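The chains referred to below are lettered A, B, ... by the order of the sequence lines, with proteins before strands, and numbering in each begins at 1. None of the values given here were measured: they were computed from a predicted structure.
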Protein chains: 2
Amino acid sequence: MYAEPDLRELPLRERKKLRTRRALADTALRLFTERGYDRTTCDDVADEVEVSKRTLFRNFATKEDLAMAADAELWDAFLDEIETGPLTGPVVETLRRTIYEVLTGLDEDWDRRFLATRALVAATPALHVHGLRFCATTIDRAVTRVAAATGLADGLRLRLAVEVTIAAWHTASLTWSEAGGPDGRRGLIRHLDEAFSALPDVLALAP
Amino acid sequence: MYAEPDLRELPLRERKKLRTRRALADTALRLFTERGYDRTTCDDVADEVEVSKRTLFRNFATKEDLAMAADAELWDAFLDEIETGPLTGPVVETLRRTIYEVLTGLDEDWDRRFLATRALVAATPALHVHGLRFCATTIDRAVTRVAAATGLADGLRLRLAVEVTIAAWHTASLTWSEAGGPDGRRGLIRHLDEAFSALPDVLALAP
DNA sequence: ACATCTTTTGGCACTGAGTGCCAAAGTCTG
DNA sequence: CAGACTTTGGCACTCAGTGCCAAAAGATGT
């Protein structure tokens with residue numbers, strides 16, 4: 001569903017639109033990386049793709065969204081999975097499993113783009129925030145979904161569980177990208193394993 | 001230090017500047033709440049305070065900062081505390097204690113402003129993100145500081161500890177504000193107690 | 001192949017956030 | 001009160017993002 005079975009089976013119109021969208025995201029990531037996020041305007045990107053600025057902003061609501069398309073793919077897929085898949089067992093464990101499944105189902109090229117995005121974010125304070133945006137809205141929707149599906153009424157505990165999961169994700173993706181993103185998504189999953197297995201002892205962590 | 005012993009002891013120039021800053025933040029919070037964040041321009045705020053837009057942006061880097069001045073106060077004080085105070089015992093426990101200390105040391109009026117800010121954020125998707133920004137940059141700086149002070153070299157575990165603390169904070173402040181912010185900061189602290197004491201069992205939370 | 005309906009695009013003018021610059025005003029020091 | 005220093009105002013500017021509508025292009029039925 002998120003792999004890439006979408007190229008030749010769609011009506012021409014949608015195929016073109018999708019191609020434009022990808023060209024925009026790819027070009028943006030490249031230009032932002034080469035010249036810097038702040039020193040690249042949205043017009044630059046639109047020009048390079050030979051598309052009007054208006055079209056760019058119909059595909060991506062903000063410049064940040066344009067830069068973080070890879071993140072959006074991940075979390076969209078995550079929410080899709082959560083809204084359709086089964087939810088049994090401990091919440092944190094379920095969410096963790098879902099992340100793994102989503103990760104392995106993503107586009108071939110996703111690793112590279114995601115890592116490049118991390119580098120870009122690390123170099124761009126203004127973007128730093130928006131990396132969290134996906135996490136935040138995803139948390140909200142995940143909480144709603146999990147509450148509905150499991151009947152867990154304890155809002156505080158449930159939200160805490162989701163937030164802790166995201167904390168683990170966040171930490172893992174950071175350490176992974178700081179290490180240069182070794183071994184693609186398999187490496188990322190290793191860092192996730194590390195983070196999740198570190199969780200139980202975190203409260204006791206002391207100098 | 002963050003109470004309010006700053007009114008009559010400062011040179012006139014700084015006193016005025018501080019007053020302008022506060023007027024801007026207060027007026028902004030009021031106008032944003034009354035008319036809505038998106039339907040209030042920065043010029044509106046500047047006009048109301050009878051100050052040029054240029055001055056507004058010398059005091060607050062962005063419109064978001066203007067709206068979330070209360071958050072900034074909290075986290076600035078938190079970082080100050082962390083950079084000067086002692087750091088012994090379990091990291092999460094220390095950070096928790098620091099939050100409590102900072103909370104009790106804040107301005108009289110802080111409760112009201114913070115709660116109003118939460119309501120504003122809840123009503124404004126665009127702001128939703130920036131509430132996390134303080135958390136994020138605070139996490140980074142806190143990690144650095146704690147690492148330096150305790151000699152904890154395990155970046156992953158340390159960051160995880162800080163992130164989990166912030167997750168608890170975030171959850172608590174949300175449930176507190178959703179409950180209408182009962183009992184001011186004492187109520188907030190109760191929610192924090194709840195969140196922190198729920199942490200150990202969160203990994204096992206299941207339907 | 002053609003007319004028609006629908007979706008997408010381009011281009012333009014506009015709002016609003018945020019910045020650089022410099023002169024004017026205000027504050028501080030002696 | 002003079003001169004140093006800081007803050008402010010105002011203007012012109014860049015750039016992100018939007019509303020609008022006409023033109024282009026794909027889809028559909030005959």
Side-chain angles (χ1 to χ4, degrees), chain A residues 6-25 27-29 31-32 35-69 72 120 124-130 133, chain B residues 6-25 27-29 31-32 35-69 72 120 124-130 133:
Chain A
D6 32 24
L7 271 180
R8 300 304 174 211
E9 293 309 315
L10 272 61
L12 178 56
R13 194 147 55 183
E14 298 181 37
R15 225 184 305 163
K16 279 197 171 181
K17 185 163 186 174
L18 197 54
R19 250 200 287 269
T20 304
R21 195 185 154 81
R22 289 183 179 175
L24 281 168
T27 306
L29 192 53
L31 291 188
F32 289 160
R35 309 183 194 169
Y37 181 79
D38 296 319
R39 281 176 304 286
T40 310
T41 71
C42 290
D43 292 87
D44 289 342
V45 177
D47 285 355
E48 181 87 8
V49 183
E50 289 177 300
V51 147
S52 74
K53 187 176 73 166
R54 203 65 193 75
T55 296
L56 187 157
F57 280 114
R58 264 189 284 255
N59 279 276
F60 299 92
T62 66
K63 190 181 181 186
E64 288 90 0
D65 283 334
L66 180 58
M68 318 243 298
L120 186 61
T124 315
L127 274 181
H128 217 270
V129 191
H130 282 260
R133 174 170 127 225
Chain B
D6 32 23
L7 271 179
R8 301 304 172 211
E9 293 309 315
L10 272 61
L12 177 57
R13 198 152 41 185
E14 298 181 37
R15 225 184 306 164
K16 279 194 171 181
K17 185 163 186 173
L18 197 55
R19 248 201 288 269
T20 303
R21 195 185 154 80
R22 288 183 179 176
L24 281 168
T27 307
L29 192 53
L31 292 188
F32 290 159
R35 309 182 193 169
Y37 181 78
D38 295 319
R39 281 178 303 285
T40 310
T41 71
C42 289
D43 293 87
D44 290 341
V45 177
D47 285 355
E48 181 87 8
V49 183
E50 290 178 301
V51 148
S52 73
K53 188 176 71 165
R54 204 64 193 75
T55 296
L56 187 157
F57 281 113
R58 264 190 283 256
N59 279 276
F60 299 92
T62 67
K63 190 182 180 184
E64 288 90 0
D65 283 334
L66 180 58
M68 317 244 296
L120 186 61
T124 315
L127 274 180
H128 217 269
V129 191
H130 283 260
R133 170 166 131 230

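Taking atom CZ of residue B:Arg19 and atom P of nucleotide C:dG26, one finds them 16 Å apart after rounding to whole Å. One atom, CG of A:Asp38, and another, C1' of D:dA16, lie 13 Å apart when rounded to the nearest Å. What separates CG of B:Asn59 from P of D:dT6 is a distance of 16 Å, to the nearest Å. What separates OH of B:Tyr37 from C1' of C:dT15 is a distance of 15 Å, to the nearest Å. Taking atom NZ of residue A:Lys53 and atom P of nucleotide C:dC14, one finds them 14 Å apart after rounding to whole Å. Remark: C1' of C:dC21 and CZ of B:Phe57 are 17 Å apart, rounded to the nearest angstrom. One atom, CZ of B:Arg54, and another, C1' of D:dA12, lie 12 Å apart when rounded to the nearest Å.
Phosphate proximity of D:dT8 to B:Thr55: absent, as no side-chain N or O sits under 4.0 Å from OP1 or OP2.
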A correct 5'-to-3' footprint of nucleotides 25-30 of chain D, with B, S and - meaning base, sugar-phosphate only and no protein heavy atom under 4.0 Å, is BBS---
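Not a single donor-acceptor pair, N or O on each side, falls under 3.5 Å between the base of C:dG18 and the side chain of B:Arg58.
For the atom pair A:Thr41 OG1 and A:Lys53 NZ, the distance stands at 8.5 Å (nearest 0.5 Å). Atoms CG and CZ, from A:Asp65 and A:Phe60 in turn, are 8.0 Å apart once rounded to the nearest 0.5 Å. Going from atom NZ of B:Lys63 over to atom NE2 of B:His130 covers 11.5 Å, rounded to the nearest 0.5 Å.
Using a 4.0 Å heavy-atom cutoff across all strands shown, A:Lys17 reaches sugar-phosphate atoms only and no base atom.
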Exercise for the section: Begin from the C-alpha positions of A:Tyr37 and A:Glu64 and carry the test side chain to side chain contact (heavy atoms under 4.5 Å, CB included) through to its verdict. Expected result: CA-CA 9 Å; A:Tyr37 181 79; A:Glu64 288 90 0; 3.7 Å; yes
field: Trace of the side chain to side chain contact (heavy atoms under 4.5 Å, CB included) decision for A:Leu18 with A:Arg22
entry: CA-CA 6 Å; A:Leu18 197 54; A:Arg22 289 183 179 175; 4.1 Å; yes
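Between B:Cys42 and B:Leu56, the shortest heavy-atom distance links the atoms O-CD1, 3.5 Å. What you find for A:Leu31 and A:Thr40 is that their closest heavy atoms are O-OG1, 3.6 Å.
Judged by closest nucleotide on DNA chain C, A:Ser52 is the one of B:Asp43 and A:Ser52 placed further toward the 5' end.
For the ring pair (Phe, Tyr, Trp, His ring centres under 6.0 Å) test, no residue two or more places apart in sequence or in another chain qualifies with B:Phe57.
Listed for the B:Arg21 side chain is a donor-acceptor partner under 3.5 Å among the backbone atoms of B:Asn59.
For DNA chain C, none of the residues of residues 62-69 of chain A falls under the heavy-atom distance limit of 4.0 Å.
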